[in-house]
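Below: one structure, written as C-alpha cells.
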Amino acid sequence: VEGSDVRPPVRALQVALRADPSSWPPPMSHANAHARMEWFLGRFGMEGLRSVLAGLATQGTIGRALQSAAGLSESELAEALPRDGFLVLNADDALLWKMNRDRPTAKRSYALDNGEADLRPTAISLAPHGGARFALADGTEVELQLLGRHNARNALAAILVGDHFEIPRAVAARALGSLRPQRHRLELFAHQGISVLDDAYNANPASMREALLLLSAIEVKGERRAVL
C-alpha cells in the first residue's frame, strides 16, 4: 500500500508462504470461510489483525488501500509470466493499466471505455432482461445470456485469449452466447410475478456497483428495490 508500512510485511509473508506450501491458508470458498479466519487469527492474532487495519486506515480509506493491494497482487501475476508468455490486460482498470501498459511482454488489451485498448466494441447495449450485446470492428456480434454491461468486458478478454490460440471469433461468439449465470451470480428469476435478481454469492464495491447499474437498466413494470 503506497505510503504505508504494510507492503514489506505483506511481501515477506508472500515469500514465506511460497517457500512453505503447507503453511498456506485454506482455499477461498463459502464452505471454509470460517477456517480461513481461524487460520489468519491463529497466525497473526487479533492484535495483529487490528494493527494491519489501523495501518491501512492511517493512509486513507481501507477500501482504497485494499484496492491498491489487489492491483499489486494481480500485477505480480504479470511479472511471473515467462518470456514467451502472453498478457491479456483490462485497460478499464486504471491501476492495472498504469502498472502494466508498458510491460515488456507480448500483450493485448481490452476495454469498454478506454480508447487506448486494442479491443473495444463498436456498439454495446443491454437486452430487456439485462444480457449484454455488442459488436466488434470486424463484424463479430456477441449476444450474452450473462447479465450486466461488465460481462461484455469479460467476454472481450475471452475473445483475446481465443485470438491468441487461433480460435475463430465466430466460434468464440457462439461459445460465449451459450454461457449461463452461475447460482447467485446475477441470476434473474421470477417468483409470483416478481422478478428477483440474485447476486448473493459475494460482494465488493465494484460488483455491487455493477449489480445496481444492472437493476436500474432491466425493464420492469413496477418498482425496483435493492436489498443489501
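- Both Phe165 and Val142 are part of a single hydrophobic cluster, where members link through side-chain heavy atoms under 4.5 Å apart.
- Between Thr140 and Ala173, the shortest heavy-atom contact is CG2-CB, 4.2 Å.
- To the nearest 0.5 angstrom, Asp199 atom CG is 11.0 Å from Leu215 atom CG.
- Distance check: Glu116 CD to Trp97 CH2 gives 5.5 Å after rounding to the nearest 0.5 Å.
- Distance CD1/Ile159 to CG/Leu136: 5.0 Å, rounded to 0.5 Å.
- By the rule that hydrophobic residues join a cluster once side-chain heavy atoms approach within less than 4.5 Å of another member, Val196 and Leu186 end up as members of separate clusters.
- Counting non-hydrogen atoms of neighbouring residues, nucleotides and ligands closer than 6.0 angstrom, the CZ atom of Arg209 reaches no more than 12 such neighbours.
- Across all their heavy atoms, Ile167 and Ala172 have their closest contact at CG2-N, 4.3 Å.
- Here the side chains of Arg169 and Asp163 are in contact, with some heavy-atom distance below 4.5 Å.
- In terms of heavy atoms, Leu112 sits closest to Pro121 at CD2-CG, 3.7 Å.
- The hydrophobic cluster containing Leu160 also contains Ile124, counting ILVMFWY residues as joined when their side-chain heavy atoms lie under 4.5 angstrom apart, directly or transitively.
- The environment of Arg225 atom CZ is sparse: at most 12 non-hydrogen atoms of other residues, nucleotides or ligands sit within 6.0 angstrom.
- The CG atom of Asn154 sits 10.0 Å away from the CG atom of Leu176 when rounded to the nearest 0.5 Å.
- Atom OG of Ser216 sits about 9.0 Å away from atom CG of Leu126, to the nearest 0.5 Å.
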### Task
For side chain to side chain contact (heavy atoms under 4.5 Å, CB included), just list the numbers for Arg224 and Leu212, CA-CA rounded to whole Å, side-chain angles, deciding distance to a tenth of an Å, and then say yes or no.
CA-CA 10 Å; Arg224 296 179 176 88; Leu212 291 174; over 6 Å; no
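- Residues Lys98 and Arg101 approach most closely at O-CG, 4.2 Å, considering heavy atoms.
- To the nearest 0.5 Å, atoms CG (Asn151) and CG (Leu156) are separated by 11.0 Å.
- In terms of modelled atom types and a separation under 3.5 Å, the side chain of Thr122 and the main chain of Ala135 share a donor-acceptor contact.
- Side-chain contact between Gln145 and His129 is present, with heavy atoms from C-beta onward closer than 4.5 Å.
- What you find for Ala117 and Ala91 is that their closest heavy atoms are CB-CB, 3.8 Å.
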### Query
Would Leu214 and Leu197 satisfy side chain to side chain contact (heavy atoms under 4.5 Å, CB included), going step by step from the backbone distance to the final call?
CA-CA 9 Å; Leu214 175 61; Leu197 184 61; 3.8 Å; yes
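- Ser195 is not listed as a side-chain neighbour of Val220, based on a closest heavy-atom distance of 4.5 Å or more.
- Across Lys107 and Asn100, no two heavy atoms sit closer than the pair CE-O, 3.8 Å.
- Grouping the Ile, Leu, Val, Met, Phe, Trp and Tyr side chains by contacts below 4.5 angstrom, directly or via other members, places Leu144 with Leu179.
- Ionic pairing of Glu187 and Arg180 is not present here: no N-O contact between side-chain nitrogen and carboxylate oxygen is shorter than 4.0 angstrom.
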### Task
Please assess Arg108 against Leu89 for the test side chain to side chain contact (heavy atoms under 4.5 Å, CB included), listing each intermediate value before the final yes or no.
CA-CA 6 Å; Arg108 296 290 304 284; Leu89 180 61; over 6 Å; no
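- With respect to the salt-bridge test (charged N to carboxylate O, under 4.0 angstrom), the residues Asp113 and Arg153 qualify.
- Cluster annotation: Val88 is not connected to Leu81 through the hydrophobic network of ILVMFWY side chains, with a link wherever side-chain heavy atoms come within less than 4.5 Å.
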### Message
Determine whether Ser109 and Asn90 satisfy the following criterion, side chain to side chain contact (heavy atoms under 4.5 Å, CB included), listing intermediate values before the conclusion.
### Response
CA-CA 6 Å; Ser109 59; Asn90 179 5; over 6 Å; no
